[in-house]
Amino acid sequence: SDHIFYVPSEYTSIQNAIYYASAGDTVEVGSGIYNENIDFMGKAVTLRSQYENGTSISEFVISGIDSASTVTIENINNGGALIGFTITNGYGQGASFEDFLSMAADEETLDSLLTYVIKAGGISVGNASPYLKDLHITNNTSRNVGGGIGLINSNSVIESCRISDNTIPDGEGLGGGGVAINGGHPILIDVIIENNYVGSNMYSLNGGGGILCGFSLSNNMLQLDMDNVTIIGNVANIGAGIGALSGTITSNRLLLVDN
């Protein structure tokens with residue numbers, strides 16, 4: 001009745017708590033390793049750990065178990081938040097490079113491909129704008145885009161996050177080892193993006209080791225704002241730090257090193 005759902009004391013899994021929660025509710029998670037894939041189920045819930053009592057976010061781990069994004073946040077008109085976790089072991093499904101090339105030319109096909117088929121490894125955000133804060137997104141893998149985070153038509157604020165050591169393997173890599181952005185207007189504040197890797201593809205069209213600004217969807221030009229962002233030690237063929245196919249990028253205190 002207090003609109004706070006406690007894991008593991010009241011609910012054994014995070015997903016179980018989300019299932020019973022409603023928009024506006026909070027799921028609060030104690031320390032531990034949670035071997036599960038989380039889906040917000042289209043609900044604007046706040047999923048947060050109890051790290052604010054001084055425990056490190058390394059003590060609150062969500063580790064994906066299926067070949068799917070560790071956290072999926074989609075189709076939420078307003079709200080939703082993910083705060084205070086280590087997000088790891090996710091896998092972003094995707095398409096073969098040939099399929100992608102054949103479908104990318106048509107805007108509607110591309111839109112549905114990005115929305116329904118191509119997912120990110122750690123956190124997949126689509127048509128939602130959750131607040132992502134105090135997260136360490138690490139050791140996730142994706143077939144095509146967004147090793148760490150993938151944003152589709154999202155105006156998310158990503159604050160005080162570290163996105164490190166995420167990988168898109170050789171073969172069908174497109175881009176965004178750390179973060180892949182398609183459409184929307186996300187804002188990154190106090191973010192470190194380091195040691196992410198984008199593998200090659202048959203045409204060496206792989207870009208954005210740290211961040212990929214991909215396609216502008218519908219009629220809205222992609223926009224990215226960054227404040228105090230460090231992009232360091234990322235690898236890709238084109239734009240190892242930042243690769244941009246479209247959009248407007250504004251930054252204040254941006255450090256690009258050793259990419």
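If you read the sequence from its start, that first residue is 1, and numbering goes on from there.
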Quick one: does S63's side chain have a donor or acceptor within less than 3.5 Å of a partner on N89's backbone? no
Is it the case that more than 12 heavy atoms not belonging to Y131 sit under 6.0 Å from its OH atom? yes
Which value, rounded to the nearest 0.5 Å, describes the distance between I187 atom CD1 and L132 atom CG? 12.0 Å
Less than 4.5 Å apart, any side-chain heavy atom of V27 and any of Y11? no
In the structure I gave you, are the side-chain heavy atoms of L135 and I123 within less than 4.5 Å of one another anywhere? yes
Taking P130's backbone N and O only, do any of them form a donor-acceptor pair with S156's side chain (distance below 3.5 Å, no angle check)? yes
For D227 and N252, which I'm curious about, is there any donor-acceptor pair between the side chains at under 3.5 Å? yes
Among S164, S56, S58, which one satisfies side-chain hydrogen bond (donor to acceptor under 3.5 Å, both in side chains) with H136? S164
Does the side chain of H185 pick up a donor-acceptor pair with the side chain of N155 at under 3.5 Å? no
Heavy-atom closest pair, residues L222 and F215: CD1-O, 3.7 Å
Quick check: is I163 connected to V157 through a chain of hydrophobic side chains (ILVMFWY, heavy atoms under 4.5 Å apart)? yes
Here the gap from L114 atom CG to T109 atom OG1, rounded to the nearest 0.5 Å, amounts to 10.5 Å
Do side-chain atoms of D25 reach the backbone of S22 as a donor and acceptor pair under 3.5 angstrom? yes
Side-chain donor-acceptor pairs of residues 170-181 under 3.5 Å, sequence neighbours excluded:
residue	atom	partner	partner atom	Å
D170	OD1	Y197	OH	3.1
D170	OD1	S200	N	3.0
E172	OE1	R143	NE	2.7
E172	OE1	R143	NH2	3.1
E172	OE2	R143	NH2	3.4

Heavy atoms only: give me the nearest G214-S246 pair and the separation to one decimal. O-OG, 2.7 Å
Heavy-atom pair with the smallest gap, counting every atom of N259 and I231: ND2-O, 2.9 Å
Separation of N140 CG from Y91 OH (nearest 0.5 Å): 12.5 Å
Audit row: L110, F100, side chain to side chain contact (heavy atoms under 4.5 Å, CB included) steps and yes/no: CA-CA 8 Å; L110 174 66; F100 178 82; 4.1 Å; yes
Is N78 atom CG crowded by more than 12 heavy atoms from other residues, nucleotides or ligands, each under 6.0 Å away? no
Are any non-hydrogen side-chain atoms of I211 and L188 less than 4.5 angstrom apart? yes
Which heavy atom of A236 sits nearest a heavy atom of G209, and at what distance? CB-N, 3.4 Å
Any side-chain heavy-atom pair from P186 and L224 closer than 4.5 angstrom? yes
Can you confirm if the aromatic rings of F5 and Y20 lie within a centre distance of less than 6.0 Å? no
Enclosure of N77 CG (heavy-atom neighbours >12, cutoff 6.0 Å): no
Out of curiosity, I38 CD1 to I18 CD1, how far, rounded to the nearest 0.5 Å? 5.0 Å
Contacts satisfying side-chain hydrogen bond (donor to acceptor under 3.5 Å, both in side chains) that involve residues 27-45 (not counting sequence neighbours) are E28-R48, E28-Q50
Indicate if L256 and I189 have the same hydrophobic cluster label, given that clusters are the connected sets of ILVMFWY residues with side-chain heavy-atom separations under 4.5 angstrom. yes
Whether over 12 other heavy atoms sit under 6.0 Å from L255 CG: yes
So do the side chains of T141 and P169 get within less than 4.5 Å of each other, counting heavy atoms only? yes
Between N16 (side chain) and I14 (backbone), is there a donor-acceptor pair under 3.5 Å? no
Mind checking whether I242 and L254 have side chains closer than 4.5 Å, heavy atoms only? yes
If two hydrophobic side chains count as joined below 4.5 Å and joins carry through other members, does I193 share a cluster with I57? yes
Give a yes or no on whether the backbone of T88 and the side-chain of T70 come within a donor-acceptor separation of less than 3.5 Å. yes
Could you tell me which non-hydrogen atom of A128 sits nearest to which non-hydrogen atom of S154, and how far apart they are? O-OG, 2.7 Å
If I take atom CG from residue N127 and atom CG from residue N153, how far apart are they, to the nearest 0.5 angstrom? 5.0 Å
Give the intermediate values and the outcome of side-chain hydrogen bond (donor to acceptor under 3.5 Å, both in side chains) for residues E59 and Y51. CA-CA 8 Å; E59 302 290 312; Y51 77 108; over 6 Å; no
Minimum heavy-atom separation for I83 to A81, with atom names? CD1-CB, 4.0 Å
Could you please spell out the steps behind the side-chain hydrogen bond (donor to acceptor under 3.5 Å, both in side chains) verdict for N234 and N196? CA-CA 5 Å; N234 302 284; N196 301 286; 3.0 Å; yes
Quick one: does any side-chain atom of S69 pair with a main-chain N or O of S124 as donor and acceptor, under 3.5 Å? no
Under a 4.5 Å cut-off applied to non-hydrogen side-chain atoms, are L151 and I158 in contact? yes
ILVMFWY cluster, L101 and I118 together (side-chain gap under 4.5 Å): yes
Report yes or no: do M41 and I87 belong to one cluster of Ile/Leu/Val/Met/Phe/Trp/Tyr joined by side chain heavy-atom distances under 4.5 Å? yes
Any heavy-atom pair between the side chains of E194 and T230 that's under 4.5 Å? no
N139 side, atom CG; N166 side, atom CG - distance, nearest 0.5 Å: 7.0 Å
